[in-house]
Trainee: 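My questions all concern the structure below.
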Number of protein chains: 2
Amino acid sequence: MGLSIGQVAERTGLSVHALRFYEKEGILAHQVHRGPGGRRVYTQRDVDWLRMCIMLRMSGMPVPEIRRYTDLVRQGDGNELQRLDILKEHQDRVRQQMVQLQECMDLITHKVGIYQDYVNSIAPRAVGQ
Amino acid sequence: MGLSIGQVAERTGLSVHALRFYEKEGILAHQVHRGPGGRRVYTQRDVDWLRMCIMLRMSGMPVPEIRRYTDLVRQGDGNELQRLDILKEHQDRVRQQMVQLQECMDLITHKVGIYQDYVNSIAPRAVGQ
DNA sequence: GCTTGACCTAGAGTCGGCTCTACTTCGTAG
DNA sequence: CTACGAAGTAGAGCCGACTCTAGGTCAAGC
């Protein structure tokens, strides 16, 4: 049940450096406890939490904001409204990002179409030969 | 028809610093020419190009790759296939990004739902009072 | 008893993409 | 003529998120 930092790195895709960095930055909800020789011992719960953090990071939530959220979780019951606020705000930002990304995609697809047509109109008869 | 750097900054949303930076990085397809006193004079074409660059940047294309693309455009006809390759590759990356972002969105929406339900179950009767 | 490998800490270094500073040069307005 | 504002250049600085280095501990295997 206890996982070494290396094992956690493996199953989250984070580097051991990043894991120590995240801990220092305070974005682990539960204190990682230490085994013999001061080695970190992670639980499955830590891995699950990290996977969520990875999602938040991937969608552009900055580390300090993940920390704010983590702090609330660490403090325990009673601040659900604040957690909800953070999540909703982030949700909005992600929505905007998706819209922007879709716009970029449309432009790119448009240009790809144009170039594709042009390239087809130039080369393809050679393919048949 | 000739625009100053300040005007271009206004209508692209880039800073004048960023505009000079982009030029130095070689991501302007056509050389910006200079008016009296060595001042940059931009055309509408430059603005259009910049807007496309902004789309590419927004969707995560790194500056050096925009430069590669720009170089091809600058070199003129004959390399359309290479331009197409760059665009298609980027298109793939954007597609992946969108999938990832959607996954993040799903998780966040899920959590928002849970917190929302919880918060509703605790507070709302107070609202009626 | 020596090496290896996985771990530890503290802190320095890297990278991308701007952003800002310092200083200069203009052209116009007061 | 003085001041202002908008430009110019070269190059330094900044920020976020890691990544890496240096030097050390410890258990297991040869």
Side-chain angles (χ1 to χ4, degrees), chain A residues 2-28 31-43 46-47 49-70 90 93-94 97 100 104, chain B residues 2-28 31-43 46-47 49-70 90 93-94 97 100 104:
Chain A
L3 301 164
S4 72
I5 196 169
Q7 289 172 317
V8 174
E10 241 175 61
R11 53 197 83 178
T12 56
L14 295 167
S15 70
V16 295
H17 297 297
L19 284 168
R20 292 194 275 246
F21 170 73
Y22 278 9
E23 183 178 338
K24 206 167 46 183
E25 292 294 299
I27 68 177
L28 287 173
Q31 204 189 322
V32 181
H33 75 87
R34 302 304 182 102
R39 297 184 169 205
R40 290 169 177 84
V41 180
Y42 294 84
T43 63
D46 294 323
V47 173
W49 181 263
L50 280 164
R51 286 208 237 263
M52 190 199 53
C53 292
I54 290 168
M55 290 297 227
L56 295 177
R57 283 288 309 118
M58 267 188 6
S59 51
M61 187 182 282
V63 169
E65 193 167 352
I66 301 184
R67 176 168 44 228
R68 281 206 302 133
Y69 181 73
T70 306
H90 185 56
R93 282 192 305 262
V94 175
Q97 262 189 84
Q100 284 189 342
C104 298
Chain B
L3 301 164
S4 73
I5 196 168
Q7 290 172 317
V8 174
E10 241 174 63
R11 53 197 82 178
T12 56
L14 295 167
S15 70
V16 296
H17 297 298
L19 283 168
R20 292 195 275 246
F21 170 74
Y22 278 10
E23 182 178 337
K24 207 167 46 183
E25 290 296 299
I27 67 177
L28 286 173
Q31 204 189 322
V32 181
H33 74 85
R34 302 304 181 103
R39 298 185 169 206
R40 289 169 179 83
V41 179
Y42 294 85
T43 63
D46 293 323
V47 174
W49 180 263
L50 280 164
R51 286 207 237 265
M52 191 200 51
C53 291
I54 290 168
M55 290 297 227
L56 296 177
R57 282 289 308 119
M58 267 187 8
S59 52
M61 187 183 282
V63 169
E65 193 167 351
I66 302 185
R67 177 169 44 229
R68 279 208 299 135
Y69 181 73
T70 305
H90 186 56
R93 281 193 304 262
V94 175
Q97 262 189 85
Q100 284 189 341
C104 298

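Heavy-atom basis, side chains included; hydrogens, waters and symmetry copies ignored. Numbered from 1 within each chain, the chains take letters A, B, ... in sequence-line order.
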Trainee: Quick one: CD on Glu10(B) to OG on Ser4(B), what's the gap to the nearest 0.5 Å?
Mentor: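 So the gap between those two atoms works out to 8.0 Å.
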Trainee: For Glu65(B) and Arg93(B), which heavy atoms make the closest approach, and how far apart are they?
Mentor: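 Here Glu65(B) and Arg93(B) meet closest at OE1-NH2, 3.2 Å.
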Trainee: Side chains of residues 49-62 of chain B: which donor-acceptor partners sit under 3.5 Å, not counting sequence neighbours?
Mentor:
unit_1	atom_1	unit_2	atom_2	d
Trp49(B)	NE1	Ile27(B)	O	2.8
Arg51(B)	NH1	Arg11(B)	O	2.6
Arg57(B)	NH1	Met61(B)	O	2.8
Ser59(B)	OG	Met55(B)	O	2.9
Ser59(B)	OG	Leu56(B)	O	3.0
Ser59(B)	OG	His90(B)	NE2	2.8

Trainee: Minimum heavy-atom separation for Ile5(A) to Leu19(A), with atom names?
Mentor: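 Here Ile5(A) and Leu19(A) meet closest at O-CD1, 3.5 Å.
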Trainee: From the list dC18(C), dT21(D), dC20(C), which nucleotide is the closest neighbour of the side chain of Ala18(B)?
Mentor: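 The answer is dC18(C), which lies nearest to the side chain.
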Trainee: Does a side-chain heavy-atom distance below 4.5 Å link Arg40(A) with Arg34(A)?
Mentor: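 SC-SC contact between Arg40(A) and Arg34(A) confirmed.
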Trainee: Would Arg20(A) and Glu23(A) pass as an ion pair if we require N to O under 4.0 Å?
Mentor: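 Not counted as a salt bridge, because no side-chain N and carboxylate O are separated by less than 4.0 Å.
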Trainee: Between atom CD in Glu25(A) and atom P in dG16(D), what is the gap in whole Å?
Mentor: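 Nearest whole value for this atom pair: 10 Å.
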Trainee: Whole-Å distance between dT19(C) C1' and Leu14(B) CG?
Mentor: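 Spelled out: CG on Leu14(B) to C1' on dT19(C) is 13 Å.
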Trainee: So Pro62(A), base contact, sugar-phosphate only, or nothing? Heavy-atom distance under 4.0 Å.
Mentor: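 Since only primed, P, OP1 and OP2 atoms lie under 4.0 Å of Pro62(A), the category is sugar-phosphate.
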Trainee: NE2 of His17(A) versus P of dG13(C): gap in Å, rounded?
Mentor: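 His17(A) atom NE2 is separated from dG13(C) atom P by 16 Å.
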Trainee: Restricting to non-hydrogen atoms, name the atom on Asp46(B) and the atom on Val41(B) that form the minimum distance, rounded to 0.1 Å.
Mentor: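 For Asp46(B) versus Val41(B), the nearest heavy atoms are OD2-O, 4.4 Å.
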Trainee: Does the side chain of Tyr22(A) get closer than 4.0 angstrom to OP1 or OP2 of dA17(D) through an N or O atom?
Mentor: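 Checking dA17(D) against Tyr22(A), no side-chain N or O comes under 4.0 Å of OP1 or OP2.
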Trainee: Rounding to a whole Å, what distance do you find between Ile66(B):CD1 and dC18(C):C1'?
Mentor: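 Result: 13 Å.
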Trainee: What's the CD1-C1' distance between Ile27(A) and dA17(D), to the nearest Å?
Mentor: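 Rounded to the whole Å, the gap is 10 Å.
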Trainee: Glu65(A) CD to dG16(D) P: how many Å, rounded?
Mentor: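 For the pair Glu65(A) CD and dG16(D) P, the rounded distance is 13 Å.
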Trainee: Indicate, with a heavy-atom threshold strictly under 4.0 Å, whether Pro64(B) touches base, sugar-phosphate, or nothing.
Mentor: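 It contacts sugar-phosphate atoms only.
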Trainee: Atom pairs, N/O to N/O, protein against nucleotides 3-7 of chain C, distance under 3.5 Å?
Mentor:
unit_1	atom_1	unit_2	atom_2	d
dA6(C)	N3	Arg39(A)	NH2	2.7
dC7(C)	OP1	Ser4(A)	OG	2.9
dC7(C)	OP1	Gly6(A)	N	3.1

Trainee: Could you check how far CZ of Phe21(B) sits from C1' of dT19(C), rounded to whole Å?
Mentor: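 The answer, rounded to whole Å, is 10 Å.
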Trainee: Can you name the closest pair of heavy atoms from Tyr22(B) and Leu14(B) and give their distance?
Mentor: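 Result for this residue pair: CE2-CD1, 4.0 Å.
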Trainee: Rounded to whole Å, how long is the line connecting atom NE2 of His33(B) with atom C1' of dG8(D)?
Mentor: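 Distance check: His33(B) NE2 to dG8(D) C1' gives 17 Å.
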Trainee: Starting from the first five and the last five pairs of the helix from dG1(C)-dC30(D) to dG30(C)-dC1(D), work out the angle between the resulting helix axes, to 10 degrees.
Mentor: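 Rounded to the nearest 10 degrees, the bend comes out at 30°.
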